[in-house]
Amino acid sequence: MLAADPDPLAADVRRDVVAWFDVHARDLPWRAHDRTPWGVLVSEVMLQQTPVVRVEPAWRAWMDRWPTPADLAAAPTADVLRAWDRLGYPRRALRLQECARTVVEQHGGDLPDDEAALLALPGVGAYTAAAVRAFAFGRRSVVLDTNVRRVLARVAAGEALPAPAQTVAETRAAAAWVPDDDAAAARWAAASMELGALVCTARAPRCDACPVADRCRWLAAGRPVDAHAHRRRTQAWTGTDRQARGRVMALLREAIAPVPHDAVAAVWPDAAQLARCLDALVADGLVVRDEPSGDDPDPSATTYRLPG
DNA sequence: AATCCGGGGCG
DNA sequence: CGCCCAGGATT
């Protein structure tokens, strides 16, 4: 397979974005000199759909409590879910602990550095595997998150926003922008993400502060509106299963003893929906249901708690 | 490719 | 109140 023709913009854009990053990079704890590969992975999992400002304090507390995969692997799952607190999508916390246990059992407690082994870890997908390779191990990889997608959509494709779904063609185009050299590729990954997070933002891009404004095809075209706007649909929230599940998880995180079914029912008005959500939470491993034993169990004696 | 999965803060 | 946030797993 032939490599795609290099974008004539790429070399200059990379140089200017990396130079900008050298000056403007945020001082985030998972970028500190004393960081560990495991700490980088923890940050990436926490950052999956949760903003940096909310992750930073949680990450500090988490790494102080469980600095290594072995520490997290040995923790009670209830403690892990409580420490996850309100970062959202608590299945990520379960996956992270499963990941820690896999690292201990299959990799001697040290995070692997090859793509396939990283992708095989629970909760690690294409983005996270690439990010860990670049940021923890300084290796070349195609790091394509929502920030890089937006930067490339604007600078290279001249579009306001990337398509709702990532395509193979987009991944291939992004790969063509990644330098061959390991260290240069890792710097481009970090710099392009940071530009998307701080300057080339989704809502109000600060083109006046952009190091590549004079090379941006979207800006040159007069900042045309989003071509996919008519297809975007906001995810509903009020009254959804996700809200109900969140209520239950919040209740169980606070509880110091198993919670009777009636007390769980008090946090959600729709009994049928709550029953469905509780079944799903139990199936997901986020909640444990304790049934009263005996031949004639009393359903009202059923209790719920966090696992482990 | 489409859905589901939390939660909060900002314009 | 819509929209966005360093996505992943499942179907």
Side-chain angles (χ1 to χ4, degrees), chain A residues 21 25-26 28-31 39-59 81 84-96 98-99 118-136 141-151 160-171 174 186 189-198 200-206 226 228-229 231-253 276-277 280-281 283-287:
Chain A
F21 179 71
R26 288 170 292 182
L28 299 171
W30 45 87
R31 291 173 174 167
V40 171
L41 185 145
V42 171
S43 78
E44 294 302 340
V45 173
M46 288 184 171
L47 287 162
Q48 291 167 3
Q49 299 291 280
T50 303
V52 168
V53 287
R54 287 169 54 200
V55 165
E56 184 167 352
W59 185 90
L81 290 171
W84 193 260
D85 195 39
R86 300 195 156 198
L87 290 180
Y89 296 140
R91 293 191 295 194
R92 288 183 293 159
L94 286 187
R95 261 71 184 255
L96 186 55
E98 294 167 14
C99 177
L118 287 168
L119 269 175
L121 295 172
V124 176
Y127 162 75
T128 302
V132 168
R133 264 180 66 78
F135 305 146
S141 62
V142 181
V143 178
L144 193 54
D145 77 324
T146 187
N147 291 303
V148 179
R149 291 188 68 210
R150 188 172 54 250
V151 168
L161 292 171
Q166 189 176 321
T167 64
V168 174
E170 185 184 356
T171 305
S192 55
M193 284 178 64
E194 195 78 337
L195 186 71
L198 298 182
C200 194
T201 57
R203 292 200 200 165
R206 301 170 46 209
D226 178 18
H228 308 280
R231 286 193 51 209
R232 299 180 190 277
R233 200 166 312 229
T234 180
Q235 284 186 309
W237 171 244
T238 303
T240 60
D241 286 4
R242 287 159 64 207
Q243 187 185 29
R245 290 165 57 106
R247 290 265 186 88
V248 172
M249 291 302 294
L251 174 68
L252 299 188
R253 280 196 306 268
R276 181 172 73 243
C277 289
L281 286 168
D284 287 346
L286 287 165
V287 169

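What you are looking at is a predicted structure, and each value in this text was computed from that prediction instead of being measured. First the proteins, then the strands, lettered A, B, ... as listed; each starts at 1.
- Rounded to an integer number of Å, the gap from NE2 of A:His228 to P of C:dC4 is 13 Å.
- What separates CG of A:Leu94 from P of B:dC5 is a distance of 15 Å, to the nearest Å.
- Nucleotides B:dC4 and C:dA6 place their P atoms 24 Å apart, quoted to the nearest Å.
- Partners of A:Thr128 according to the side-chain hydrogen bond (donor to acceptor under 3.5 Å, both in side chains) rule, which considers only residues two or more places apart in sequence or in another chain, are A:Gln48.
- Nucleic acid contact class of A:Ala202 (heavy atoms, under 4.0 Å, all strands): sugar-phosphate only.
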Do nucleotides 6-11 of chain B as a string where each nucleotide becomes B, S or -: B if the base has a protein heavy atom under 4.0 Å, S if just the sugar-phosphate does, - if no protein is that close. BBSBBS
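- For the pair A:Arg92 (side chain) and A:Gly123 (backbone), a donor-acceptor distance under 3.5 Å is absent.
- Note on A:Thr128: only backbone sugar-phosphate atoms sit closer than 4.0 angstrom, heavy atoms only; bases stay farther off.
- Listed by chain and residue number, nothing satisfies the salt bridge (charged side-chain N to carboxylate O under 4.0 Å, His left out) test with A:Arg150 (two or more places apart in sequence, or in another chain).
- The nearest whole Å value for the distance from the CG atom in A:Leu121 to the C1' atom in C:dG7 is 16 Å.
- Looking at which nucleotide of DNA chain C each of A:Leu47 and A:Val124 is closest to, the 5′-most match is held by A:Leu47.
- In terms of modelled atom types and a separation under 3.5 Å, the side chain of A:Gln243 and the main chain of A:Gly239 share a donor-acceptor contact.
- Across all strands shown, A:Trp84 has no heavy atoms under 4.0 Å from either base or sugar-phosphate atoms.
- Put simply, CZ on A:Arg133 is 18 Å from C1' on C:dA6, counting in whole angstrom units.
- Look at CG on A:Leu41: it is 10 Å from P on C:dG8, rounded to the nearest Å.
- For A:Arg26, the salt bridge (charged side-chain N to carboxylate O under 4.0 Å, His left out) partners are A:Glu194, not counting sequence neighbours.
- By the salt bridge (charged side-chain N to carboxylate O under 4.0 Å, His left out) test, A:Asp284 pairs with A:Arg91, A:Arg245, sequence neighbours left out.
- Atom pair A:Asp145:CG and C:dG8:C1' shows a separation of 14 Å (rounding to whole Å applied).
- Phosphate proximity of C:dA6 to A:Arg149: absent, as no side-chain N or O sits under 4.0 Å from OP1 or OP2.
- Rounded to whole Å, the P atom of B:dG6 lies 14 Å from the corresponding atom of C:dT10.
- If you take CD of A:Glu170 and P of B:dA1, they are 12 Å apart, rounded to a whole angstrom.
- Under the salt bridge (charged side-chain N to carboxylate O under 4.0 Å, His left out) criterion, A:Arg247 pairs with no residue at all, not counting sequence neighbours.
- In this structure, A:Met46 places its CE atom 15 Å from P of C:dG7, rounding to the nearest Å.
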